[in-house]
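Note that these values count all heavy atoms, side chains included, but never hydrogens, waters or copies made by symmetry. Below, read A as the first sequence line, B as the second, and so on, with proteins coming before strands; counting in each chain starts at 1.
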Number of protein chains: 2
Amino acid sequence: MVATIGDVARLAGVSTTTVSRHLAGQRIREAAAVQATIETLDFRANEVARSLKSGVTRSIGLVVPDVSNPFFAAVAKGVESVSRQLELNVFLSNTDESVERERAVLQGLVGRVDGVILVPAREETDNTAELRRANVPIVLLDRRLRGGNDLDSVLVDSPGGAAQAAEHLLSLGHRRIGLISGPLDTTPGRERHDGFMAALGAAGVELDPTLIRIGDFKLESGYQATLRLLGLPSAVTAIFAANNLMSIGALRALHHLGIRVPDELSFIGFDDLELAELLSPPLSVISRPAVEQGVLAMRLLRNRIEGAGSPKAQHIVLETRLLVRGSCRPPQPSSDGAIPATRIPIGNPS
Amino acid sequence: MVATIGDVARLAGVSTTTVSRHLAGQRIREAAAVQATIETLDFRANEVARSLKSGVTRSIGLVVPDVSNPFFAAVAKGVESVSRQLELNVFLSNTDESVERERAVLQGLVGRVDGVILVPAREETDNTAELRRANVPIVLLDRRLRGGNDLDSVLVDSPGGAAQAAEHLLSLGHRRIGLISGPLDTTPGRERHDGFMAALGAAGVELDPTLIRIGDFKLESGYQATLRLLGLPSAVTAIFAANNLMSIGALRALHHLGIRVPDELSFIGFDDLELAELLSPPLSVISRPAVEQGVLAMRLLRNRIEGAGSPKAQHIVLETRLLVRGSCRPPQPSSDGAIPATRIPIGNPS
DNA sequence: TTGAAAGCGCTAACAT
DNA sequence: ATGTTAGCGCTTTCAA
């Protein structure tokens, strides 16, 4: 069905070696004839066989927890923009924030890629053993990995970003703030939680544990967390959500509850949203470079693949930016200080 | 560095065949010893070698024009939900709406996957020849391909959806409508354009050619198209954008121009947005199943891979739904019928 | 410059 | 039930 290098060799009257050399760009006597035969047969070298022999795939894997998160989509854009120039194929894989999926995905990548850019699902679960044994270079993106300090990494200053959010709310006078955190066993979850708490602590503000809701970075958890926070007997005056998807969930909840932002409640989220400016009020957020993270990670990986990297791991940390738009203002005095629990509806965010 | 089947065989004192059989789940006498050796060596079968021999990869490719488009992200979710159960790896690749990228990506997939779900960049450019010669099953998703009628496909009723949008605007009394179309050499671009025009035509409404702006399905083109439409001497009273990203671009432009929706202009877009309900006004849209498209495509592909598909191609077409929220209302009488061109700012959508 | 031969790691007849 | 042998399609010593 499909022509092999042997077919080409036979038809062109040369050895497979010669054809192989021609493919590799070396000059051979019968170049013209061989090329003609290749075109006649529409021959294309079998990548699998080629990989098996040479150990090179000209592909890399990009493993993220959630492709439907616009942040990771942007990261992918960045990775691809440079891999395109390098003529490397990118295989994007989704772990759905699950360590089991991650293990399966990473396993499936062994032998099929020359390197991997990984956003680990959990800090404590290192699924890279297989890849490392196979000598596949790995670059960590956006999240650390316990025992992964020997790997190149590109991160953002999550503690700093969360602190920016906290300080913004504090400066407006908020003291009773709801925190919708990510999982504490992920880098951004933990660091944003800690950074936020630390900034509050530095201002002498102690957060009641009931005001801290641990979500899973997905939309629904932001929704549920918000319902909980607003069902509390003593109302919060502001909410900080630790990522884009949970922010959207939270905003949906507020919308369904009929709570006006920022009149009744201030809101700030980590990660910018495509539509942040178009919401009313326009959403204040902590933004961070996404495409750039992808670009830098791919450059680091390229160096590793080419063996040109410095012997010790490179760690890049990018800065966040506070974008003040319109979703935060000083807390409004309220008669009883509480939003009635009866305003909480039953149902789903959709 | 990495153990091979030969190492295991030697250490366990059996042949490689026996180990191979054990790997395949057959009963062998020395199962315990072999298993122990496998674990000692932390042996894992080389997938590339396995593929070369068996011709099976247990992987599929999902090739989309734009991973950062939430619609395709949702499709990917659907594909993955079923491929997970089938224990198939999914390699997501991005063509960035470019036929050249598509060709490169598809080429890179040959031999590496057992099947491909493809959203073709252009209707007229068929890059599937390689895959077909290698007997790789292909399912078309969301877009057709000239000469691809022999391939399974999962589409939505784009003409119908666009007609729903047109009829909605017509029923409100709009006659001078701006159309932000997708590329006419893509299925959804062409079909939504044609469906929209046909519905208008059926109502005796003829659209001035200057009211039709052809975008590229990306955000920026929606922004630019909107600036153009609003710079026209005679104002439009409504706009229909043919996909989610262009809708966002259009909304940004309207925001920057300070045009109030729906008071000054009605707006409806194809594709729902995560935040559609939270915008003010909540956005009216034509929605369509995304996850489901992925699920169905993956099921069709599975059947093909297993050789269980019916001999002739299956074509599935899903229905769209008009979601009336708050961004459309009857056109408002205006003194001169035009929005002054001077209101158009200079700059970018960001 | 070219080709013969070996082999990448695995699986599958075939024979035992 | 197990092993021998051949070979998937390609690249790469090694000699010529």
Side-chain angles (χ1 to χ4, degrees), chain A residues 1-35 37-38 41-59 107-114 130-131 133-136, chain B residues 1-35 37-38 41-59 107-114 130-131 133-136:
Chain A
M1 190 72 213
V2 172
T4 72
I5 198 172
D7 300 332
V8 176
R10 207 168 312 116
L11 250 95
V14 296
S15 73
T16 58
T17 312
T18 303
V19 178
S20 177
R21 290 207 177 98
H22 176 72
L23 258 31
Q26 292 180 36
R27 311 199 63 79
I28 59 167
R29 196 196 320 280
E30 302 295 344
V34 169
Q35 185 56 39
T37 313
I38 285 174
L41 263 37
D42 200 8
F43 164 80
R44 212 68 41 125
N46 178 321
E47 289 298 332
V48 176
R50 185 172 265 185
S51 301
L52 178 61
K53 181 65 191 177
S54 65
V56 172
T57 64
R58 297 217 59 78
S59 309
Q107 208 131 293
L109 250 26
V110 178
R112 290 200 227 267
V113 295
D114 298 339
E130 299 275 330
L131 290 170
R133 276 173 10 99
N135 265 321
V136 179
Chain B
M1 190 72 212
V2 172
T4 73
I5 198 172
D7 301 331
V8 175
R10 207 168 313 115
L11 251 95
V14 296
S15 73
T16 59
T17 313
T18 302
V19 179
S20 177
R21 289 207 177 100
H22 176 71
L23 258 31
Q26 292 181 37
R27 312 197 63 77
I28 60 167
R29 197 196 320 279
E30 303 294 343
V34 169
Q35 185 57 37
T37 313
I38 287 176
L41 263 40
D42 199 10
F43 164 81
R44 213 67 41 123
N46 179 321
E47 289 298 331
V48 176
R50 191 172 259 182
S51 299
L52 178 60
K53 179 66 191 176
S54 65
V56 171
T57 64
R58 297 216 60 77
S59 308
Q107 210 131 291
L109 251 25
V110 178
R112 289 202 228 266
V113 295
D114 297 339
E130 298 277 330
L131 290 171
R133 275 175 7 101
N135 265 321
V136 179

Might you work through the side chain to side chain contact (heavy atoms under 4.5 Å, CB included) test for B:T16 and B:R10, ending with a clear yes or no? CA-CA 8 Å; B:T16 59; B:R10 207 168 313 115; over 6 Å; no
To the nearest Å, how far apart are B:N46 CG and C:dT11 C1'? 13 Å
Where the side chain of A:R29 is concerned, which of C:dT1, D:dC10, C:dA4 is the nearest nucleotide? C:dT1
Quick check against the 3.5 Å criterion: does B:R44 have a side-chain atom that pairs as donor or acceptor with the backbone of B:T4? no
Which sits closer to the 5' end of DNA chain D, B:T18 or B:A49, going by the nucleotide each is nearest to? B:T18
Can you figure out which of D:dA1, C:dG3, D:dA6 approaches the side chain of B:K53 most closely? D:dA6
Where each residue is assigned the nucleotide of DNA chain D containing its nearest heavy atom, which of A:R21 and B:T16 is assigned the position nearer the 5′ end? B:T16
To the nearest angstrom, the CD1-C1' distance between A:I38 and D:dG9 comes to 14 Å
Are any side-chain N or O atoms of B:S20 and backbone N or O atoms of B:T18, one a donor and one an acceptor, separated by less than 3.5 Å? no
What's A:V48 touching, base or sugar-phosphate or nothing? Going by heavy atoms closer than 4.0 Å. nothing
Would you say A:S15 reaches C:dG3's phosphate, i.e. side-chain N/O to OP1/OP2 under 4.0 Å? yes
Closest to the A:I5 side chain, choosing from D:dC10, D:dA6, C:dA13: D:dC10
Reported CD-to-CD1 distance for the pair B:Q35 and B:I28, which is rounded to 0.5 angstrom: 9.0 Å
Carboxylate-amine/guanidinium proximity below 4.0 Å for B:D114 and B:R58: no
I need the CZ-P distance between B:R27 and D:dT2, as an integer number of Å. 11 Å
In whole angstrom, what separates A:L23's CG from D:dT12's P? 12 Å
Quick one: which of C:dG3, D:dT12, D:dG9 gets closest to the side chain of A:S20? D:dT12
Counting the atoms with a prime plus P, OP1 and OP2 as sugar-phosphate, which does B:T17 contact under 4.0 Å by heavy atoms, base, sugar-phosphate, or nothing? base
Using a 4.0 Å heavy-atom cut-off across all strands, classify A:A24 as base, sugar-phosphate, or nothing. nothing
Using atom CZ of B:R44 as one end and atom C1' of C:dC10 as the other, report the distance to the nearest whole Å. 16 Å
Given atom CD1 of B:I28 and atom C1' of D:dT2, what is their separation to the nearest angstrom? 9 Å
For A:R50 and D:dG9, is the shortest distance between a side-chain N/O and OP1 or OP2 below 4.0 Å? no
Roughly, in whole Å, what's the span from NE2 in A:H22 to C1' in D:dT12? 18 Å
Here the distance between atom C1' of D:dC10 and atom CG of A:D7, to the nearest Å, is 13 Å
